[in-house]
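The structure under discussion appears below in the form of structure tokens.
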Amino acid sequence: MILLCGIPSESSLRRVHHELVRQGTPCVTLDQREIEHINLQCTIVDGQAHGTLAIGSSSWRLEDFGGVLVRMMDDRFLAEIRSEPKDSRLRAHSRSVHDGLNRWFEIASARVLNRPGAMASNGSRPYQAQLVAAEGFSFPETLVTTDADEVRAFRARHGTIVYKSVSAVRSIAHCLEDGDLERLEAIRWCPVQFQEHVAGYDLRVHVVGREVFATAIESDYSDYRHAGRDAGKPAELSPATIDDDLAQRCIRLAHALDLPFAGIDLRITPEGRQVCFEVDPSPAFSYYEGHTDQPIAAAVARYLQTDAPVPFGADQALRRWRQQEIVSIDRR
Amino acid sequence: MWLVLCEDHDAAAHWAHQGLVARGLQAELVTSGSLGAATRWVHRLGPDGGELEVTLADGREIRSGEVRGVLNRLLYAWNPQIDLARDSDREYAIQEIHAFHVSWLHALPGPMLNRPHMQGLSGRWRSMSEWLALGARAGLPTRPCPLDADQTPPWLASPEENVRTVITVGGQVLGAPSAALVDGCRKLAELSATPLLGTSFRLDPLGWHLVGATPHPDLRLGGEPLLDALTAALSRNRARILA
């Protein structure tokens, strides 16, 4: 049985649900907006989670879920919660259930797309870039600083540079224009991230287990996701073919980050340099599938149903730890 | 130069710093307060790796090229400007500062105990239930534990009784009440990617069992042997310890 967690009307979740129903696979949808009627009871015994998930008058054993798709929003911003008083019973209940779910996602023996701890790496873009580089991918040269002179020197060296948030919040890239220089001194209050502008075409690669779906994106705007809104001309998407080497590297990267379901944002330069901007741990793949008919939802549904046992992320961490022990070189 | 990064009130870190200096390490104590008041930050990432330059308010400069190892016990990414931010911007500012700290910490070379994670500047924080689940996988004895943090398991009814803390430092296990626990403690540190790990055990009629773990143990519990292990782990001329 598969558990889908989030808002049922969210297009990516809805597509996976549709695929599971089409394939005749039993599935349960946990609608966050019904949080008042959701209860979770769980006990850890000898490292395994045992308990029940109750939604309204129905309940299921946690052990019966073989796959879980996690597409939950921050419960504080649910329409049913955000206007509640800080000490309300409903707000406390929501927090308790969501905390419990996130703990269960972390240790469940089911296939979880994706575990919360692994998803967290996306919360710091330069941190994630270092993890990406460790897997052999290039990333834009980056400067995070409070020093305006450093920014001027960085811009002089690279010509066009962009600035964007360090975290995943308000993450929209903007080119640093001449008019921005007047307020550059304001960065002394809080470090700001600047990156070299990388020219080329965008390639979004969705990894689902060992399946890969590459989508080429054409846009003149610095951040194609907002091209329609900000530049008045939406990006154009089309299915792309990538060679086996790149496909395998993307799979290895996703799995090295403990993200068997990931959206890898690449930019391919005219010289063929493959630059990775981000690994999205909760890709809104419906945008890409909707434009290209690439069967990503079907792949997610298949992955969730795979029978092979998947231990939770600790084994990945162990393998990376030991690999680093053997192969890393002290840079001094 | 070795760095001891910690909160201003972290007495165990101050103790460890003195111990490392006494053992010949040129160790600088840098608190989160001094980092928060730093006058200049430059963090570069490129094909040759990461670099950091920080100018602290007291004039000290930290340059990543001079760092040979780090005892990292930072808990909070603090910036005095956050309190001055508008309400609508404050949470954004907190996220930005935290994300920045995780990145520059991760970029520091040499052994680091512990490397940052987005869920903990000095190692990933986990719930008790997650530690017990990992501990069981590491081969440590555990007792049933509710997932819900608000529910106290019965064996925690008297938390101070018969509890012993074991500290693992770079693979060396100190203070284990039973030899049978040593391998499990070492493996738990590996599984959790937390080379400096405190694990707590409680004795009941069935024997010692795991009751919790933390990447932020009170180092003083390990005494001089811990300082020796810490010095050895931070002095190793070898691969970074990955978080």
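Computed from a prediction, not measured in an experiment: that's the story for all the values here. These values consider heavy atoms only, across backbone and side chains, with no hydrogens, waters or symmetry-generated copies.
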Is there side-chain contact between A:Q41 and B:L147, with at least one heavy-atom pair below 4.5 Å?
no

So CG of A:D149 and CZ of B:R40: to nearest 0.5 Å the spacing works out to 8.5 Å

Heavy-atom pairs under 4.5 Å with chain B are the metric here; pick the option from A:P116, A:A133, A:G117 that has the most.
A:G117

Should we count CG of A:D46 as having more than 12 external heavy atoms under 6.0 Å?
no

Could you check whether any side-chain N or O of A:E141 sits under 3.5 Å from a backbone N or O of B:G46, counting only pairs where one atom can act as donor and the other as acceptor?
no

Working to the nearest 0.5 Å, report the span between NE2 of B:H43 and CD of A:E150.
13.0 Å

Return the OH to NE2 distance between A:Y127 and B:H117, rounded to the nearest 0.5 Å.
5.5 Å

One should read off an interatomic distance between B:S103 OG and A:R125 CZ, to the nearest 0.5 angstrom, of 12.5 Å

Using only atom types and a distance under 3.5 Å, with no angle test, would you say the side chain of B:E96 pairs donor to acceptor with the backbone of A:S167?
yes

With chain B, the option among A:V169, A:L143, A:V45 that has the most non-hydrogen atom pairs under 4.5 Å is A:V169

Verify, without hydrogens or angle tests, whether A:T43 (side chain) and B:C145 (backbone) share a donor-acceptor contact under 3.5 angstrom.
no

With respect to chain B, which residue among A:P191, A:G100, A:S138 yields the maximal number of heavy-atom pairs within a distance under 4.5 Å?
A:P191

Within 6.0 Å of OH in B:Y76, more than 12 heavy atoms from elsewhere
no

Contacting moiety of A:S121, where chain B heavy atoms sit under 4.5 Å
backbone

Any chance you could measure B:F100, atom CZ, to A:T146, atom OG1, to the nearest 0.5 Å?
7.5 Å

CG-SG distance between B:N79 and A:C190, expressed to the nearest 0.5 angstrom:
6.0 Å

Do side-chain atoms of A:T145 reach the backbone of B:W41 as a donor and acceptor pair under 3.5 angstrom?
yes

Please determine whether a side-chain nitrogen of the Lys or Arg among B:R44 and A:E196 lies less than 4.0 Å from a carboxylate oxygen of the Asp or Glu.
no

Most heavy-atom pairs under 4.5 angstrom with chain A, which of B:E91, B:R126, B:H98, B:H101?
B:E91

Apply the test side chain to side chain contact (heavy atoms under 4.5 Å, CB included) to residues B:H106 and A:L131: give CA-CA distance (whole Å), side-chain angles for both, the deciding distance (0.1 Å), then the verdict.
CA-CA 9 Å; B:H106 186 77; A:L131 303 180; 3.8 Å; yes

Relative to chain A, which segment of B:E51 carries a heavy atom at a distance below 4.5 Å: side chain, backbone, both, or neither?
neither

Is any side-chain heavy atom of A:I44 closer than 4.5 Å to a side-chain heavy atom of B:T142?
no

Of all heavy-atom pairs linking B:S129 and A:R103, the shortest is OG-CD, 3.5 Å

